[in-house]
S.K.: 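Take this structure first; my questions come after.
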Amino acid sequence: MKEVTLSNNVNIPMVGYGSYLSTENGGKQVILDALETGYRYIDTASYYYNEDAIGEAILESGILREDIFICSKVWPTMLGLEETRESFEESCRKLQTDYLDMFLIHWPKVSQSDERWLDKIIEGWKAMEELYDEGRIKAIGVSNFLPHHLRPLLEAARIKPMVDQLELHVGYMQEYTLSYLKKEGIVPQAWSPLGRARMLSDERIIKLADKYGKSPAQVLISFLIKRGIPVIPKASSKERMLQNLDVFDFDLNEDEISYLSCIPQAGWSEEHPDLFED
């Protein structure tokens with residue numbers, strides 16, 4: 001399974017390219033390398049400050065725009081009927097496109113003392129629904145939303161989020177949230193699928209990698225894919241980029257999936273939507 005189908009029948013690749021911090025040293029060349037090695041999903045956000053580089057790389061690559069799935073995100077300080085649309089238009093301008101394949105709310109809130117966080121989300125979501133109706137966005141969703149952030153949004157929303165992008169990896173699977181998303185028909189997508197690289201040196205992962213003749217990263221990615229969760233790993237070298245795509249020729253067995261799903265908490269980034277302060 002190399003794609004997953006969202007609730008509105010839009011397909012997204014199971015393995016995309018996560019661009020957070022990836023362009024800091026290599027600039028647009030890193031994105032060009034990702035496209036050359038076969039990535040057709042590029043994940044970015046206004047907060048990453050690399051949409052310009054991504055737009056330049058896509059144009060320079062010569063790949064047709066319709067053949068690349070681009071996801072960006074609105075920062076919570078830009079949530080509102082007008083502000084969210086402004087953020088969307090600015091992302092499109094930098095990415096040199098007139099539409100986005102997916103647009104997400106990046107975090108529920110950037111301050112735990114913000115009493116208006118839900119009002120801002122609902123206003124921003126209305127703007128995203130309008131852009132979706134206009135055909136400017138193919139899929140809309142959220143990022144880092146837990147069930148207690150999603151429930152009040154779902155009560156007010158006309159269109160249900162199609163994706164929730166979360167930190168998900170062996171050692172941090174957020175099973176209650178995954179169960180809730182499944183019930184609501186919302187696809188979970190994993191950022192930090194390698195546990196910020198912390199899980200690459202875990203002896204339990206290395207043992208499975210040796211068994212299958214794969215790298216630890218490939219085992220970690222395959223695990224999530226086997227569970228039906230698309231991933232957006234980061235990589236700076238072409239070798240790692242290719243490895244992260246080469247995960248469809250082996251299958252972990254059910255006992256291994258169970259074992260990896262039950263590993264005690266490990267590799268957590270320590271970023272949490274109920275603790276986050278920008």
Side-chain angles (χ1 to χ4, degrees), residues 2-3 10-79 83-107 124 127-128 131-132 134-141 143 163 165 189-194 196-197 217 230-246 278:
K2 294 190 176 184
E3 290 185 328
V10 166
N11 292 326
I12 67 173
M14 289 299 287
V15 182
Y17 183 75
S19 72
Y20 179 54
L21 301 179
S22 68
T23 56
E24 281 198 335
N25 297 318
K28 69 178 178 182
Q29 186 58 49
V30 176
I31 306 300
L32 281 166
D33 289 346
L35 292 168
E36 185 181 330
T37 52
Y39 288 88
R40 291 299 179 266
Y41 179 118
I42 304 294
D43 181 87
T44 185
S46 61
Y47 188 76
Y48 299 170
Y49 299 103
N50 63 6
E51 290 171 314
D52 281 315
I54 290 170
E56 291 171 14
I58 290 173
L59 190 65
E60 199 172 306
S61 74
I63 300 169
L64 295 175
R65 168 66 185 89
E66 56 264 35
D67 292 335
I68 301 175
F69 193 103
I70 303 176
C71 173
S72 193
K73 310 177 194 74
V74 56
W75 194 244
T77 55
M78 289 297 288
L79 288 175
E83 296 92 334
T84 298
R85 187 176 280 268
E86 288 173 14
S87 179
F88 168 80
E89 296 291 359
E90 181 69 1
S91 288
C92 285
R93 184 188 68 77
K94 291 179 177 178
L95 290 162
Q96 302 188 48
T97 182
D98 58 1
Y99 73 96
L100 290 178
D101 297 279
M102 192 155 72
F103 197 47
L104 311 177
I105 297 176
H106 205 150
W107 288 87
M128 291 168 67
L131 288 162
Y132 177 79
E134 293 165 17
R136 302 288 306 284
I137 309 170
K138 292 186 178 181
I140 52 179
S143 179
V163 165
Q165 199 178 95
Q189 185 180 42
W191 64 261
S192 191
L194 311 181
R196 292 277 170 90
V231 300
I232 45 170
K234 289 191 303 181
S236 56
S237 71
K238 279 189 175 182
E239 180 185 7
R240 286 288 180 86
M241 290 176 186
L242 286 166
Q243 274 189 4
N244 292 346
L245 283 173
D246 183 23
D278 183 37

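All values derive from a computational prediction rather than experimental measurement.
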S.K.: With Ser192, which residues qualify under side chain to side chain contact (heavy atoms under 4.5 Å, CB included), at least two apart?
M.R.: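 Applying side chain to side chain contact (heavy atoms under 4.5 Å, CB included) to Ser192 gives Glu167, His169, Arg196.
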
S.K.: So, Asp52 versus Gln96: side-chain donor-acceptor pair below 3.5 Å or not?
M.R.: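 Their side chains do not contain a donor-acceptor pair, so the 3.5 Å distance test is not met.
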
S.K.: Give a yes or no on whether a salt bridge exists between Glu134 and Arg85, defined as a side-chain N under 4.0 angstrom from a carboxylate O.
M.R.: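 Counted as a salt bridge, because a side-chain N and a carboxylate O are separated by less than 4.0 Å.
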
S.K.: Are side-chain heavy atoms of Ile232 and Pro193 found at a separation under 4.5 Å?
M.R.: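 Answer no - side chains too far apart.
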
S.K.: Grab the two heavy atoms, one from Gly141 and one from Met128, that are nearest each other, plus how far apart they are.
M.R.: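 For Gly141 versus Met128, the nearest heavy atoms are O-CE, 3.7 Å.
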
S.K.: Please tell me whether Asn50 and Ser22 have a donor and an acceptor in their side chains that are separated by less than 3.5 angstrom.
M.R.: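 Ser22 and Asn50 do not have a side-chain donor-acceptor pair below 3.5 Å.
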
S.K.: Whether the side chain of Asp101 engages the backbone of Ile70 through a donor-acceptor N/O pair (distance < 3.5 Å, no angle test) should be reported.
M.R.: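 Confirmed, Asp101 side chain pairs with Ile70 backbone.
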
S.K.: Could you point out which residue of Ser91, Ser19, Ser46 forms a side-chain hydrogen bond (donor to acceptor under 3.5 Å, both in side chains) with Glu51?
M.R.: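 In the set Ser91, Ser19, Ser46, the residue that makes a side-chain hydrogen bond (donor to acceptor under 3.5 Å, both in side chains) with Glu51 is Ser91.
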
S.K.: Could you walk me through whether Leu100 and Leu95 pass the side chain to side chain contact (heavy atoms under 4.5 Å, CB included) test, one step at a time?
M.R.: CA-CA 9 Å; Leu100 290 178; Leu95 290 162; 3.7 Å; yes

S.K.: Is there a donor-acceptor pair closer than 3.5 Å between any side-chain N or O of Arg40 and the backbone N or O of Phe69?
M.R.: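 Side chain of Arg40 to backbone of Phe69: no pair is present.
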
S.K.: Check the pair Glu89, Arg136 against salt bridge (charged side-chain N to carboxylate O under 4.0 Å, His left out), reporting the backbone distance first and the verdict last.
M.R.: CA-CA 10 Å; Glu89 296 291 359; Arg136 302 288 306 284; 3.0 Å; yes

S.K.: Between Gly124 and Leu79, what is the shortest heavy-atom contact and its length?
M.R.: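 For Gly124 and Leu79, the tightest heavy-atom pair comes out as CA-CD2, 4.2 Å.
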
S.K.: Report the C-alpha distance between Leu104 and Met102 in whole Å, list the side-chain angles of each, state the deciding distance to 0.1 Å, and finish with yes or no for side chain to side chain contact (heavy atoms under 4.5 Å, CB included).
M.R.: CA-CA 7 Å; Leu104 311 177; Met102 192 155 72; 3.7 Å; yes

S.K.: Search all heavy atoms of Ile68 against all heavy atoms of Arg65 and return the closest pair with its distance.
M.R.: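 Nearest heavy atoms, Ile68 then Arg65: O-NH1, 2.7 Å.
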
S.K.: Say you draw a straight line from CD of Glu90 to OG of Ser72; how long is it, rounded to the nearest 0.5 Å?
M.R.: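 Those atoms lie 10.5 Å apart.
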
S.K.: To the nearest 0.5 Å, what is the distance between CE on Met241 and OG on Ser236?
M.R.: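 Atom-to-atom, Met241:CE and Ser236:OG are 6.5 Å apart.
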
S.K.: Might you confirm whether atom CZ of Arg240 has over 12 heavy atoms from other residues, nucleotides or ligands at distances under 6.0 Å?
M.R.: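 No, because the 6.0 Å sphere around CZ of Arg240 holds 12 heavy atoms or fewer from other groups.
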
S.K.: When you look at CD of Glu3, are more than 12 heavy atoms from neighbouring residues, nucleotides or ligands closer to it than 6.0 Å?
M.R.: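 Yes, CD of Glu3 has more than 12 neighbouring heavy atoms, counting only those of other groups under 6.0 Å.
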
S.K.: Is the closest side-chain heavy-atom distance between Thr84 and Met78 below 4.5 Å?
M.R.: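 Side-chain contact under 4.5 Å: no.
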
S.K.: To check you understand the geometry: which heavy-atom pair defines the closest contact between Asp33 and Lys238, and what is its length?
M.R.: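 Scanning both residues, the minimum pair turns out to be OD1-CE, 3.3 Å.
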
S.K.: I would like to know whether Tyr17 and Val30 meet side chain to side chain contact (heavy atoms under 4.5 Å, CB included); could you show each step before the answer?
M.R.: CA-CA 10 Å; Tyr17 183 75; Val30 176; 3.0 Å; yes

S.K.: Rounded to the nearest 0.5 Å, how far does OH of Tyr39 lie from CD1 of Ile63?
M.R.: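 Taking CD1 in Ile63 and OH in Tyr39, the distance rounds to 13.5 Å.
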
S.K.: The criterion is side chain to side chain contact (heavy atoms under 4.5 Å, CB included); which residues satisfy it with Glu60, sequence neighbours excluded?
M.R.: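 Per chain and number, Glu60 pairs via side chain to side chain contact (heavy atoms under 4.5 Å, CB included) with Lys28, Leu32.
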
S.K.: Quick one, Gln189 with Ile12, criterion side chain to side chain contact (heavy atoms under 4.5 Å, CB included). Give me CA distance, side-chain angles, the key distance, then yes/no.
M.R.: CA-CA 10 Å; Gln189 185 180 42; Ile12 67 173; 4.1 Å; yes

S.K.: Could you list the residues that satisfy ring-ring contact (aromatic ring centres under 6.0 Å, His included) with Tyr47, not counting sequence neighbours?
M.R.: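 Trp75.
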
S.K.: Please find the pair of heavy atoms, one from Gly135 and one from Tyr99, that lie closest to each other, and give the distance.
M.R.: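 So the minimum-distance heavy-atom pair works out to O-CB, 4.4 Å.
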
S.K.: Rounded to the nearest 0.5 Å, what separates atom CD1 in Ile54 from atom CG in Leu35?
M.R.: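 One gets 9.5 Å once the value is rounded to the nearest 0.5 Å.
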
S.K.: Side chain of Ser143, backbone of Gln165: donor and acceptor closer than 3.5 Å?
M.R.: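 Side chain of Ser143 to backbone of Gln165: a pair is present.
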
S.K.: Would you confirm whether Thr44, through its side chain, and Tyr20, through its main-chain N or O, come within 3.5 Å as a donor-acceptor pair?
M.R.: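 Flag not set: sc Thr44 to bb Tyr20 has no pair under 3.5 Å.
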
S.K.: If I compare all heavy atoms of Asp43 with all of Lys73, which pair ends up nearest, and what's the gap?
M.R.: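 Looking at all heavy atoms of both residues, the closest pair is OD2-NZ, 2.7 Å.
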
S.K.: Is the distance from the ring center of Phe103 to that of Phe88 below 6.0 Å?
M.R.: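 Yes, the ring of Phe103 comes within the 6.0 Å limit of the ring of Phe88, centre to centre.
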
